[in-house]
Protein chains: 2
Amino acid sequence: MNDTQIKILEAAEAEFAEFGFVGASIRNITQRAGVNLASVNYHFGTKEQLIKHLLLFRITPLNQLRLNNLHKEQERHQGEAVPIPILVNLLVRPALEKMLTVEGGQFVRAMARCMSEPLGFIESLDRDVFHEIFTAYYLAFQKALPGLDEQAVAIQMNFVVCTMVGMMMHFPRMDNLRGKNLSKEKFDQILDQFIDFISSGVEGSSQCLIHS
Amino acid sequence: MNDTQIKILEAAEAEFAEFGFVGASIRNITQRAGVNLASVNYHFGTKEQLIKHLLLFRITPLNQLRLNNLHKEQERHQGEAVPIPILVNLLVRPALEKMLTVEGGQFVRAMARCMSEPLGFIESLDRDVFHEIFTAYYLAFQKALPGLDEQAVAIQMNFVVCTMVGMMMHFPRMDNLRGKNLSKEKFDQILDQFIDFISSGVEGSSQCLIHS
DNA sequence: GTTTGATTTAAACGATCGTTTTAAAAAGTC
DNA sequence: GACTTTTTAAAACGATCGTTTAAATCAAAC
């Protein structure tokens, strides 16, 4: 990985976080990075290939971690269902805990913003990158929510994903936190509470479905 | 309201829903509407004024409804706290129930997409339009969650908003629903479940805070 | 030191963007 | 019917966009 390439990726992440994919401009990115305009196309090809590279570069290890941790937890429970709060924590925390640092927050927001854009190649990338982890967690959720049919489990997982993505996008705008120099302790506390919020949501809204 | 203006607003809504504010193009909008390119600037001024007009035109009655229903419910409870599930329902349902129809879904997605863009005038519009309703519901949440300090209540409300906005953006992509010609009954059932999800999230994640 | 390949640079290309201008058409007023 | 106002129409403006090109610079190998 070239020095120029690294500078481009860092600048691109900030730019995509701020303006999304269509709003981002190659000229701004190269200017932020202090490199020549043509170097993006030289090193990465098109703008589309740049965001693909960036997203894959960041999301792949994230999902690998989520997958490994799930397997570990499943082994620990020896075939029994892993409880919902643990599943939610394993799924949500790796992404959200990055939001505390500046560069982590940029990555998270860039990911949430760009992945939400309804462009053809984004939607197919979305499915490609998240298919494996979605099905792995889907099976775990199914085991943890006996009595729910397949579609109900998928809907619950969509609730979880919606909530997580909503937070990834909305976090920088949370009124009562912005500009407060959020300490790590306070942030962790809010993150714990958020994961608790999601877990309680899944468990609470599943209950009436199980008893029917 | 002119016939041309209506056609522009309808086309603009579809365009903004699909591409967001920066991604939307005046040329596409006028082409969709079947009107001349210059008519957008003639009738609405700039692109920025167009989206402002559209958002205000749609959000104002929505928030008025949410506010009226809250006041009614507060009268019914005669000074006692309105329970969380009712508050969440009053806050969330008016927006989400529009997603079932095509034009409603376009409006909801346009709103979620454009409001999430980190542009200066959008963020100020955001605060202007939602300030009144946020504080009204904030006070109601505070009464329904005794024992939580001010910041904790605000955080809970941010969780709710995050979740709602996440759903507004993510709904058209929910795998197990797309292209299934979702019936009104099934949709209402999912919406009920979603509201239950949020309510359970608030109540569940508040509990450990209250007992401390 | 020369040559070869990789990288950087500056300039340009064609396309699209939001907006403005100027004139034609339509609608309304007396 | 003449006049004024409002609305539409076509064309152009200046700016920015992603991308390509061609020359200049650098690095490494021989």
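Naming convention: chains lettered A, B, ... in sequence-line order (proteins, then strands); numbering from 1 in each chain.
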(request) Kindly say if B:Thr4 contacts the phosphate of D:dT7, meaning a side-chain N or O under 4.0 Å from OP1 or OP2. (result) no
(request) Taking only the side-chain nitrogens and oxygens of A:His43, find out if one of them lies under 4.0 Å from OP1 or OP2 of C:dA6. (result) no
(message) Output the rounded distance in Å from CG (B:Asp3) to P (D:dT6).
(response) 19 Å
(message) Regarding B:Ser39, tell me which of base, sugar-phosphate or nothing describes its non-hydrogen contacts under 4.0 Å with the strands shown.
(response) nothing
(message) Can you identify which nucleotide, out of D:dA12, C:dA6, C:dT9, has its nearest atom closest to the B:Leu37 side chain?
(response) D:dA12
(message) What is the distance, to the nearest angstrom, from the CD atom on A:Gln31 to the P atom on D:dG18?
(response) 13 Å
(message) Whole angstroms only, please: what is the CD-P distance between B:Gln5 and D:dT7?
(response) 7 Å
(request) Take atom CD1 of B:Ile51 and atom C1' of C:dG18, then tell me their distance rounded to the nearest Å. (result) 15 Å
(message) From the set D:dG18, C:dG18, C:dT7, return the single nucleotide nearest to any side-chain atom of A:Lys47.
(response) D:dG18
(request) Using a strict 4.0 Å threshold on nitrogen-to-oxygen distance, state whether B:Arg32 and B:Glu18 make a salt bridge. (result) yes
(request) Assign the ring pair B:Phe194 / B:Phe197 to parallel, tilted or perpendicular, where the plane angle (0 to 90°) is split at 30° and 60°. (result) parallel
(message) Both B:Gly23 and A:Val35 contact DNA chain C. Taking the nearest nucleotide for each, which residue is further toward the 5' end?
(response) A:Val35
(message) Can you identify which nucleotide, out of C:dT21, D:dG18, D:dT8, has its nearest atom closest to the B:Ala38 side chain?
(response) C:dT21
(request) Round to the nearest Å and state the distance from A:Tyr42 atom OH to D:dC26 atom C1'. (result) 11 Å
(message) Measure CZ/A:Arg27 against P/D:dA15 and give the value in whole Å, please.
(response) 14 Å
(request) Indicate yes or no: does A:Asp188 engage A:Arg93 in a salt bridge with an N to O separation below 4.0 Å. (result) no
(request) Please determine, by modelled atom types, if A:Ser206 and A:Gln156 share a side-chain donor-acceptor pair under 3.5 angstrom. (result) yes
(message) Please determine whether a side-chain nitrogen or oxygen atom of B:Thr46 lies at a distance below 4.0 Å from atom OP1 or OP2 of C:dG18.
(response) no
(request) Check every atom of C:dT9, C:dG18, D:dG18 against the side chain of A:Asn36 and return the nucleotide holding the closest atom. (result) C:dT9
(request) Write down the distance between CD1 (B:Ile26) and P (D:dA15), rounded to a whole number of angstrom. (result) 19 Å
(message) Whole angstroms only, please: what is the CZ-C1' distance between A:Phe44 and D:dT19?
(response) 16 Å
(message) If the threshold is 4.0 Å, N to carboxylate O, is there a salt bridge linking B:Glu73 and B:Arg76?
(response) yes
